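In what follows, a single structure is set out as structure tokens and then discussed.
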There are 2 protein chains.
Amino acid sequence: MDRRMTLKALYEHSNCDDCPIRHRAVCAHCEKDELEQLEEIKYYRSFEAGQTLIWSGDQMSFVGSVVSGIASLTQTMEDGRTQMVGLLLPSDFVGRPGREVAPYDVQATTDLVMCCFRKKPFEQLMATTPHIAHRLLQMTLDELDAAREWMLVLGRKTAREKIASLLSIIARRDASINKAGMAGPIVFDLPLTREAMADYLGLTLETVSRQISALKRDGVITLEGKRHVTIPDMGRLMEEAGDDTDGGFLV
Amino acid sequence: MDRRMTLKALYEHSNCDDCPIRHRAVCAHCEKDELEQLEEIKYYRSFEAGQTLIWSGDQMSFVGSVVSGIASLTQTMEDGRTQMVGLLLPSDFVGRPGREVAPYDVQATTDLVMCCFRKKPFEQLMATTPHIAHRLLQMTLDELDAAREWMLVLGRKTAREKIASLLSIIARRDASINKAGMAGPIVFDLPLTREAMADYLGLTLETVSRQISALKRDGVITLEGKRHVTIPDMGRLMEEAGDDTDGGFLV
DNA sequence: CGGAAACCTTGACCGAGATCAAATGGACAG
DNA sequence: CTGTCCATTTGATCTCGGTCAAGGTTTCCG
């Protein structure tokens, strides 16, 4: 894969209603010109599936959030073992205000559109408008909770539980985006290859495949083709994941 | 263990030079009265080894930081499997400003002294003094990086590498607190039982014991008694951990 | 000093998941 | 339709770390 990428900014929209940062910035304390300032330093970028947006150790020039598609954060050891350490779905934030250098690779797992802000101006804006900083702290705390929940998955769950955990995370996020409830069957397309799932779960792709087959055989999920998943009973899936069944909070 | 704990605030010192928050708060932008405000809501608490400060699901009434000793964050599944998701050494921050309920247990792994701030006043202070919020964001980002680095350990490293990783984290922190350099042997006391290490590493205590014995046999570490460790060659240990040898940044 | 309770080590065995290998299926170009 | 490519599935075997069990050390307390 080519290490360089098209850095051309894509000013596709002059005003952007679907930008998650903007939505998040809109609150009782917002002032009109704060939004305008955000607009000024905002731009869009598209990436193809498989592209690496940022390499570990690179200078970071922007922060931003996922508009559509999926990005992933991965760490790699010298011998090639890789571990995905974050899965960024639409509305998730990317970047470390105040940091110069990226601590891990950021990849486009699917075709991806990002809403970006140039980093320096964004940091200045953060310094002058406290509620953006506050919002960012809340988002970072959410990420930290998610990372720590995932540590339990990586450290203590069996392969079957790991798969069920991943499916239930994706299903939950998907249902909340589509504003569907938890009741009734949930249907979605798996946005990850077996290999990407393996990298997220600390497994091999063969084990992922076997466990998905097993969940299918046992009626926990239904598969059409290799990617289209139906979950007839979300509670059952969460049991398989080893989670508290009642802890079904929507993020 | 008793779920209730002595909540008695310990106003041991009326002015506190060793308080990490205060140190962190001292910067070019600090104003005198900000420190005074922090002083007003600050108090100390001591805990015995094994005590649980906060139970998952509890209301949190304070935030604060570790003065001495070690605290740990743990998650537990219904069947008893537990995973430690954070190791809090002196100067590390505890608490989620803006959150009501604790997402995991906080335990005193050793005897512990915390420097606490009542949560509500602290949050108000945060809202009025942006640089505290900023400082907190930086600390949270650090924690997030540490959590993600640990995900690689949990997901992809062998038992031997896991042990070496834990030892090198403790050694690094210890050396930086004592202002010792990385050159030359590093000596410290293991602050964790084999079981606690196992919970942090996603292993069993037997495996921890075996791997420590193996590292001793191979000359990577020296043990006196069960806890007193000498690391003759930090570079060697980091190789065993599977880390980039040159990435020896002190936090 | 003696006995009990933690904590730790070591051994024997087993099994979940890794590894190596081959077959299957779907998408797409020609 | 046919061949190629890639993702996935499935099978056979191996191995690392878990499990069960026994014994050793240290600490603490009467």
Side-chain angles (χ1 to χ4, degrees), chain A residues 1 48-50 77 79-83 109-111 153-167 189-218 221-229 240 242, chain B residues 1 48-51 77 79-83 108-111 153-167 189-218 221-229 240 242:
Chain A
M1 198 180 311
E48 285 170 24
M77 295 171 69
D79 61 7
R81 281 177 281 176
T82 76
Q83 176 65 49
T109 297
T110 64
D111 288 344
V153 174
L154 290 173
R156 292 301 186 194
K157 290 195 177 179
T158 65
R160 171 183 264 243
E161 289 169 334
K162 285 179 175 182
I163 298 287
S165 298
L166 178 56
L167 290 175
D189 282 310
L190 264 181
L192 302 175
T193 65
R194 301 290 185 264
E195 188 179 17
M197 295 174 71
D199 282 343
Y200 198 33
L201 296 165
L203 298 171
T204 59
L205 67 91
E206 293 95 330
T207 298
V208 170
S209 180
R210 272 186 253 272
Q211 295 300 333
I212 288 181
S213 299
L215 288 175
K216 187 169 75 174
R217 175 167 30 74
D218 299 344
I221 62 172
T222 310
L223 265 186
E224 278 167 57
K226 292 159 195 303
R227 298 293 192 90
H228 194 74
V229 180
E240 292 285 355
Chain B
M1 197 180 314
E48 285 171 24
Q51 228 183 329
M77 295 171 68
D79 61 7
R81 282 177 280 176
T82 77
Q83 176 66 49
T109 296
T110 64
D111 287 345
V153 174
L154 289 173
R156 292 302 186 193
K157 290 194 178 179
T158 64
R160 171 184 265 244
E161 289 169 335
K162 285 179 174 182
I163 298 288
S165 298
L166 178 56
L167 291 175
D189 282 311
L190 263 181
L192 302 175
T193 65
R194 301 290 186 265
E195 188 179 18
M197 295 174 70
D199 282 343
Y200 197 34
L201 296 165
L203 297 171
T204 59
L205 67 90
E206 292 94 332
T207 298
V208 170
S209 181
R210 272 187 254 273
Q211 295 300 333
I212 288 181
S213 299
L215 288 175
K216 186 170 76 174
R217 174 168 27 77
D218 300 345
I221 62 173
T222 310
L223 266 186
E224 277 168 58
K226 293 159 194 304
R227 297 292 193 89
H228 194 74
V229 180
E240 292 285 354

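Quick caveat: nothing in here was measured; it's all calculated off a predicted structure. All heavy atoms count here, side chains included; hydrogens, waters and symmetry mates do not. Here is the naming used below: chain letters follow the sequence lines, and residue numbers restart at 1 for every chain.
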key: Within residues 158-167 of chain A: residues closer than 4.0 Å to DNA chain C (heavy atoms)   =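 Correct list: Thr158(A), Ala159(A).
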ask   = So what does Ser209(B) hit on the nucleic acid, given a heavy-atom distance under 4.0 Å: a base, only sugar-phosphate, or nothing?
value =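 Since a base atom lies under 4.0 Å of Ser209(B), the category is base.
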query = With a 4.0 Å cut-off on heavy atoms, is Leu203(A) in touch with a base, just the backbone sugar-phosphate, or nothing at all?
reply =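 Sugar-phosphate, no base atom in range.
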query = So, the side chain of Asp111(B) versus the backbone of Ala49(B): is there a donor-acceptor pair under 3.5 Å, distance only?
reply =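 It does hold such a pair.
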query = Taking any atom under 4.0 angstrom from a heavy atom of chain A, which nucleotides of DNA chain C are the first and last to qualify, 5' to 3'?
reply =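 Contact span on the strand: dG17(C) to dC20(C).
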What is the minimum heavy-atom distance between [X] and [Y], and which atoms define it?
{"X": "Lys162(A)", "Y": "Val153(A)", "answer": "CE-O, 3.3 Å"}
{"X": "Lys157(A)", "Y": "Ser165(A)", "answer": "NZ-OG, 3.1 Å"}
{"X": "Glu161(B)", "Y": "Thr158(B)", "answer": "OE1-N, 2.9 Å"}
{"X": "Met197(B)", "Y": "Ile163(B)", "answer": "CE-CD1, 4.5 Å"}

Considering only nitrogen or oxygen atoms on both sides, find all protein atoms under 3.5 Å from nucleotides 20-29 of chain D and state each distance.
| unit_1 | atom_1 | unit_2 | atom_2 | d |
| --- | --- | --- | --- | --- |
| dC20(D) | N4 | Glu206(B) | OE2 | 3.3 |

Partners passing side-chain contact (heavy atoms from CB on, under 4.5 Å) against Thr207(B) (at least two apart in sequence or in another chain) =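 For Thr207(B) the side-chain contact (heavy atoms from CB on, under 4.5 Å) partners, ignoring immediate neighbours, are Ala159(B), Leu203(B), Thr204(B), Gln211(B).
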Rounding to an integer number of Å, can you tell me how far [X] [atom1] sits from [N] [atom2]?
{"X": "Arg227(A)", "N": "dA7(D)", "atom1": "CZ", "atom2": "C1'", "answer": "8 Å"}
{"X": "Leu192(A)", "N": "dA7(D)", "atom1": "CG", "atom2": "C1'", "answer": "14 Å"}
{"X": "His228(A)", "N": "dT8(D)", "atom1": "NE2", "atom2": "P", "answer": "16 Å"}
{"X": "Arg81(B)", "N": "dT19(D)", "atom1": "CZ", "atom2": "P", "answer": "10 Å"}

With the side chain counted from C-beta on, respond yes when [X] and [Y] share a heavy-atom pair under 4.5 Å apart, and no when they do not.
{"X": "Leu192(B)", "Y": "Asp199(B)", "answer": "no"}
{"X": "Val229(A)", "Y": "Leu223(A)", "answer": "yes"}
{"X": "Leu154(A)", "Y": "Gln83(A)", "answer": "yes"}
{"X": "Ile221(A)", "Y": "Ile212(A)", "answer": "yes"}

inquiry  = Show, in sequence, the C-alpha distance, side-chain angles and deciding distance for Thr193(A) and Thr109(A), and conclude whether the side-chain contact (heavy atoms from CB on, under 4.5 Å) test is met.
reply    = CA-CA 9 Å; Thr193(A) 65; Thr109(A) 297; over 6 Å; no
task = Find the bend of the helix from dC1(C)-dG30(D) to dG30(C)-dC1(D) as the angle between its two terminal axes (five pairs each), to the nearest 10°.
result =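 Comparing the axis at each end, I get an angle of 30°.
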request  = Output yes when at least one side-chain N/O atom of Thr204(B) is less than 4.0 Å from OP1 or OP2 of dG18(D), else no.
outcome  =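 The answer is yes; a side-chain N or O of Thr204(B) sits under 4.0 Å from OP1 or OP2.
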side-chain contact (heavy atoms from CB on, under 4.5 Å) between Glu224(B) and Asp189(B), intermediate numbers included = CA-CA 10 Å; Glu224(B) 277 168 58; Asp189(B) 282 311; over 6 Å; no
message = Going by salt bridge (Lys or Arg N to Asp or Glu O under 4.0 Å), name the residues that satisfy it together with Arg194(A), two or more places apart in sequence or in a different chain.
response =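 Arg194(A) satisfies salt bridge (Lys or Arg N to Asp or Glu O under 4.0 Å) with no other residue.
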